[in-house]
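A quick write-up on the structure given underneath.
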Amino acid sequence: MNLIFLGPPGAGKGTLAVKAVEILNIPHISTGAIFRSAIADQSPLGRKVKAIIDAGKLVDDETTIELVKERLAGEDVAKGYILDGFPRTIAQAEALASFSKTDAAVNFDIPDSSILERLGGRRVCRKCGRNFHVIFNNTKKEGVCDYCGGEIYTRDDDKPEAVQKRLEVYRVQTAPLIEFYRNKGILLDVDARPGVDEVVENFKRALAGG
Ligand code: AP5
Ligand code: MG
């Protein structure tokens with residue numbers, strides 16, 4: 001099954017994706033995570049995108065589309081994938097349709113107030129990329145990942161100015177994809193407001209057709 005996770009910053013896409021991987025046994029591909037790993041490695045891609053991401057803007061379509069196209073050529077996606085954070089523009093959605101068939105686009109339905117609360121308290125593992133939250137889902141030991149022992153940090157793009165920019169970019173460039181996929185008849189709305197376990201149940205119900 002080829003799935004897209006579509007939603008505003010901080011909606012819980014990465015968090016649900018970790019659970020969905022266990023349920024569906026298909027890989028989770030997050031363009032944001034790929035970019036962050038390139039930044040950490042100080043690779044040419046990382047150097048190119050760092051300032052853009054820290055400012056909350058979008059990386060250009062050409063770079064992002066090429067990256068995803070290459071990744072989807074990997075053998076591990078034969079049975080499907082979860083694309084988290086791609087596509088984010090109509091141009092990316094059209095490009096994706098030219099090299100892969102999407103079965104469903106999961107739309108994370110959540111108000112701005114929850115987004116700000118979630119992003120304000122988010123902490124991330126530098127090693128495995130898992131997301132935590134100082135109130136909703138804290139690590140057992142301060143500053144240490146529960147799963148891999150990696151160092152916990154705050155993403156540079158979770159600063160208030162960058163968050164505002166990301167929300168604005170989402171509204172202008174990404175939200176139109178909701179109608180794009182609704183018109184194709186493959187949009188699945190998921191109520192992303194409740195706690196993680198309930199969101200997982202909402203997701204399973206949506207996949208099962210209601
Ligand atoms: P990306 O990494 O994709 O960031 P994003 O879309 O802004 O989304 P986030 O990762 O911030 O949020 P999320 O929905 O994954 O929420 P999370 O699960 O962490 O992209 C980063 C940047 O890369 C972009 O700004 C852009 O520059 C670039 N980029 C990436 N893709 C691109 C593309 N296609 N084109 C161009 N540029 C691209 O949850 C948030 C917090 O809430 C966590 O603390 C979590 O613990 C908590 N939480 C989650 N679910 C719940 C719940 N149900 N209840 C309570 N707390 C919860
Ligand atoms: Mg994420």
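Residue indices begin at 1 and follow the sequence shown. Reckoned from all heavy atoms, side chains included, excluding hydrogens, waters and symmetry mates. Atoms within a ligand are numbered from 1 in the order they appear, just like the ligands themselves.
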Heavy atom to atom 50 (N) of ligand 1, shortest distance: which of Arg118, Lys19, Glu198, Arg88 holds it? Arg118
Can you list the atoms of ligand 1 that are under 4.0 Å from a heavy atom of Phe86? 34 (N)
Taking all non-hydrogen atoms of both residues into account, name the closest pair between Pro87 and Leu96 and its distance. CD-CD2, 4.0 Å
Contact check, side chains of Val144 and Thr139, non-hydrogen atoms, under 4.5 Å: no
How far is atom 23 (O) of ligand 1 from its nearest protein heavy atom, and which residue and atom name does that atom have? Ile53 CD1, 3.6 Å
How far is atom 35 (N) of ligand 1 from its nearest protein heavy atom, and which residue and atom name does that atom have? Gln92 NE2, 2.9 Å
Provide, to 0.1 Å, the distance between atom 45 (C) of ligand 1 and the closest protein heavy atom, together with that atom's residue and name. Thr15 OG1, 3.7 Å
Which of the atoms in ligand 1, numbered in the order shown and given with their element, are less than 4.0 Å from a heavy-atom of Thr64? 33 (C), 34 (N), 35 (N), 36 (C)
Any N/O pair Phe35/ligand 1 closer than 3.5 Å: no
Polar-atom distance check: Ala33 versus ligand 1, any N or O pair below 3.5 Å? no
re atom 4 (O) of ligand 1, the protein heavy-atom contact at minimum distance is Arg155 NH2, 3.2 Å
What do you reckon, is CG of Asn183 surrounded by more than 12 foreign heavy atoms closer than 6.0 Å? yes
Ligand 1 versus Tyr170: contacting region, heavy-atom distance under 4.0 Å: neither
Can you tell me which residue and heavy atom of the protein come closest to atom 44 (O) of ligand 1, and the distance to 0.1 Å? Phe132 O, 2.6 Å
With a 4.0 Å cut-off on heavy atoms, does Val49 reach ligand 1? no
Using every non-hydrogen atom in the two residues, find where Tyr181 and Ala105 come nearest and quote the distance to one decimal. CG-CB, 3.7 Å
Contact partition for Val59 relative to ligand 1, non-hydrogen atoms under 4.0 Å: both
Inter- and intrachain pairs under ring-ring contact (aromatic ring centres under 6.0 Å, His included), touching residues 113-159, at least two apart: His133-Phe136
Is ligand 1 less than 4.0 angstrom away from at least one heavy atom of Pro194? yes
Out of Glu117, Arg123, Lys13, Arg166, indicate the one that has the non-hydrogen atom closest to atom 25 (O) of ligand 1. Arg166
Atoms of ligand 1 close to Gly14 [distance to a heavy atom under 4.0 angstrom, numbered from 1]: 13 (P), 15 (O), 18 (O)
Report the C-alpha separation of Arg171 and Glu168 in whole Å, then their side-chain angles, then the decisive distance to 0.1 Å, and conclude whether the salt bridge (Lys or Arg N to Asp or Glu O under 4.0 Å) test is met. CA-CA 5 Å; Arg171 281 191 204 102; Glu168 185 190 314; over 6 Å; no
If you have a sec, work out which protein heavy atom is nearest atom 26 (C) of ligand 1 and how many Å separate them, to one decimal? Lys57 O, 3.4 Å
Any side-chain heavy atom of Asn137 sitting closer than 4.5 Å to one from Arg130? no
May I ask you to decide whether Lys69 forms a salt bridge with Glu66, counting only side-chain N to carboxylate O separations under 4.0 Å? no
For the residue pair Arg193 and Arg118, what are the closest heavy atoms and their distance? O-NH2, 3.0 Å
For atom 31 (N) of ligand 1, what is the closest protein heavy atom, and at what distance to 0.1 Å? Thr31 OG1, 2.7 Å
Give the minimum heavy-atom separation between Ala20 and Phe203, together with the two atoms involved. CB-CE2, 3.7 Å
Under 4.0 Å between a side-chain nitrogen and a carboxylate oxygen: does that hold for Lys50 and Asp156? yes
Regarding ligand 1, does Gly12 bring an N or O atom to under 3.5 Å of one of the ligand's N or O atoms? yes
For Val199, take its heavy atoms, then give the atoms of ligand 1 lying under 4.0 Å from any of them. 53 (N)
Which residue pairs pass the side chain to side chain donor-acceptor pair (under 3.5 Å) test with at least one member in residues 81-94, sequence neighbours excluded? His28-Asp84, Asp61-Thr89, Asp61-Gln92, Tyr81-Ser100
Students should be able to answer this: which protein heavy-atom is nearest to atom 56 (N) of ligand 1, and at what distance? Phe136 CD1, 3.4 Å
Look at the side chain of Arg166 and the backbone N and O of Asp157, then say whether any donor-acceptor pair between them is shorter than 3.5 Å. yes
Output the list of atoms in ligand 1 that are nearer than 4.0 Å to some heavy atom of Gly195, sorted by atom number. 53 (N), 54 (N)
Is there a polar contact, in the sense of an N or O pair closer than 3.5 Å, between Asp157 and ligand 1? no
For ligand 1, the portion of Leu119 having any non-hydrogen atom under 4.0 Å away: side chain
I'd like to check Asn2 versus Leu72 (side-chain heavy atoms, cut-off strictly below 4.5 Å). Are they in contact? no
Contact check: Ala192 vs ligand 1, nitrogen or oxygen atoms, below 3.5 angstrom: no
Run the contact test for Arg36 against ligand 1 with a 4.0 Å cut-off on heavy atoms, strictly below, and give the result. yes
Are Gly10 and ligand 1 in contact, using a heavy-atom cut-off of under 4.0 Å? yes
Any Lys/Arg nitrogen of Lys19 or Glu22 sitting under 4.0 Å from an Asp/Glu carboxylate oxygen of the other? no
Validation row: Gln164, Leu116 side chains within 4.5 angstrom (heavy atoms): yes
Before signing off on this row, confirm whether Pro9 and ligand 1 have an N or O atom pair separated by under 3.5 Å. no
